[in-house]
Each structure stands twice: as C-alpha cells, then as structure tokens.
J.: 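Input: one structure, supplied below.
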Amino acid sequence: MILPIVGYGDPVLRKVGVDVTPEYPNLKETIANMYETMYNAYGVGLAAPQVGLAIRLFVIDTTPFSEDDDLESDEAKELKGFKKTFINAKIVKEEGEEWSFNEGCLSIPDVREDVYRKPTVTIEYCEEDFVMKTEVFDGLIARVIQHEYDHIEGVLFTDKISSLKKRLIQKKLKNITEGKTFQEYRMKFAAAKKGR
Ligand SMILES: [Zn+2]
C-alpha cells in the first residue's frame, strides 16, 4: 500500500526514533509499504518518520543512481540492486574527508542543496531477522544511509546547509509546511492537518 509522505514542518520529522522490537505490530507490512511508497515516488531511500512513524527504521534502494552516466562501471554495479532494510541502526563511525553531494528529500520537494558528509560509515543495524551486525559502507551508498539515518535522529538535510542558503529556501519550506506544493506522489502536511 502506498502511504502518504509527510512534508517538511510536521513535528514527526523532528522526533528521535525509538527502537523497534520484533513484536512491533505489522512490521513486515510496514516495511513492504515503505518500499512501495519509496518506489512510487522514485526515491532511493525512505525513513519511517516520513510515513509518520517515529521509529528506527529506514529502507534504501540505490538502483536509480546506477543509471548515472558519470559513474565508473564498478560503482554503478555496486549501486544496482543495492536494496536493504535498516532496523535499529546506530552509526558508530564516520571517516574520511568530507565531500559534497547535491541532496534532495521526498519530504522536502523541489529543494536540492549540496551537503558535506564524510565518505565512509560504520553502522550497526539489523535486517528483518533482527540479527545485529556491523558493516562499513562508502560512496553513494554511505551517503544515502547518512541521509536516512539523520531522519531517524530527527535531522533533515536542510539543517546542514549554510545560514545564507537556509534563508534562500525559507519561503519554499514555508510553502511545503502549508501544503502549497504539488507532487506526483501522495503527501500530507502539518498545517493542513491543524486546520481540521
Ligand atoms: Zn529525506
């Protein structure tokens, strides 16, 4: 089932997610719905707060990035079909020299900004089997993980840009909060909700 994606301004996007237990109601269904919602919106990642759930869960599939012509074939191969569910993730280390990448977010439509992040992450997480593991990711995969991980910490990519750039997008963010945006995918907005 395709779920509405929560827009910028909704307080759920600012909550720190709580851990998920194997008993979490309809977990499998929630994960399946999140993938469906992400694919429907042509996203490469989606975090639970973006569908209104303040829990430590996000899904990613970097396949759309593999079609980018600028990539070396090895990296494209790695990105194609890289699909993974992260439950109770905890980034334990970020290393290397920060690099910039133009990020966007399904909750903040029509806003794209260069964001600096470190290239390599070490992350503890489990998949649907709830077996905890530690893995290292880098490049664009790490980038998507860092962006989605921020969501479960209540952080958005627009928090990471200069104050000048923040001022320049203020109007756009206000419009999104008020639901004054049109996207091909279903969204819901904080201000629109309050009016009811
Ligand atoms: Zn996002």
Side-chain angles (χ1 to χ4, degrees), residues 2-18 20 30-31 33-65 68 79 82-91 94 98-119 121 123 125 137 139-162 165-166 168-170 172-179 181-191:
I2 294 167
L3 307 167
I5 296 177
V6 168
Y8 181 94
D10 192 308
V12 74
L13 294 175
R14 292 307 187 180
K15 286 190 180 150
V16 177
V18 297
V20 181
T30 301
I31 292 168
N33 289 343
M34 282 175 62
Y35 277 110
E36 201 183 336
T37 302
M38 177 181 78
Y39 291 135
N40 177 254
Y42 301 104
V44 291
L46 187 72
Q50 295 181 279
V51 293
L53 303 169
I55 55 174
R56 301 187 79 79
L57 165 65
F58 59 87
V59 299
I60 80 175
D61 187 338
T62 59
T63 304
F65 280 158
D68 191 331
L79 292 164
F82 186 89
K83 173 184 174 183
K84 211 178 256 296
T85 304
F86 291 80
I87 298 173
N88 299 341
K90 184 93 208 149
I91 287 183
E94 288 179 290
E98 289 192 340
W99 66 295
S100 111
F101 183 75
N102 198 247
E103 295 189 22
C105 180
L106 295 176
S107 293
I108 316 175
D110 304 325
V111 175
R112 299 199 69 91
E113 292 293 343
D114 289 340
V115 179
Y116 282 86
R117 299 184 192 267
K118 290 181 175 175
V121 289
I123 188 167
Y125 70 102
F137 297 99
L140 277 173
I141 291 176
R143 173 65 62 155
V144 177
I145 290 172
Q146 287 161 319
H147 178 110
E148 300 311 325
Y149 183 82
D150 273 352
H151 275 299
I152 63 168
E153 293 286 321
V155 174
L156 300 169
F157 82 94
T158 46
D159 301 342
K160 297 184 177 273
I161 60 177
S162 70
K165 282 185 173 167
K166 269 184 207 158
L168 293 173
I169 61 166
Q170 220 168 33
K172 276 187 178 176
L173 295 180
K174 188 169 173 280
N175 284 343
I176 298 169
T177 305
E178 292 170 358
T181 171
F182 177 77
Q183 299 306 314
E184 297 285 328
Y185 51 91
R186 261 176 88 201
M187 290 192 76
K188 67 174 189 190
F189 305 96

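Side chains are part of it too, since the values below use all heavy atoms of this structure and drop only hydrogens, waters and symmetry mates. Counting starts at 1 for both ligands and their atoms, following the listed order.
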J.: Can you tell me if Y35 and K83 form a side-chain donor-acceptor pair at under 3.5 Å?
T.: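 No, because no side-chain N or O of Y35 sits under 3.5 Å from a partner of the opposite role on K83.
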
J.: Tell me the ring-ring contact (aromatic ring centres under 6.0 Å, His included) pairs involving residues 98-118, sequence neighbours left out?
T.: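 Passing the test, one end in residues 98-118: F65-F101, W99-F101.
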
J.: At a cut-off of 2.8 Å, what protein N/O/S atoms sit near the Zn ion (ligand 1)?
T.: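 Near the Zn ion (ligand 1), below 2.8 Å, one finds C105 SG, H147 NE2, H151 NE2.
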
J.: Does some side-chain heavy atom of I169 sit less than 4.5 Å from a side-chain heavy atom of T158?
T.: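 Contact flag for T158/I169 side chains = yes.
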
J.: What I want to find out is whether K160 reaches E103 closely enough, with some N-O distance under 4.0 Å, to be called a salt bridge.
T.: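 Salt bridge flag = no for E103 with K160.
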
J.: Once ring-ring contact (aromatic ring centres under 6.0 Å, His included) is applied, do any residues pair with F82, and if so which ones, sequence neighbours excluded?
T.: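 By the ring-ring contact (aromatic ring centres under 6.0 Å, His included) rule, F82 matches F137.
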
J.: Which pairs of donor and acceptor atoms, one on a side chain in residues 38-50, lie under 3.5 Å apart (sequence neighbours left out)?
T.:
{"residue": "Y39", "atom": "OH", "partner": "D61", "partner atom": "OD2", "Å": "2.5"}
{"residue": "Q50", "atom": "OE1", "partner": "A47", "partner atom": "N", "Å": "2.9"}
{"residue": "Q50", "atom": "NE2", "partner": "S107", "partner atom": "OG", "Å": "3.0"}

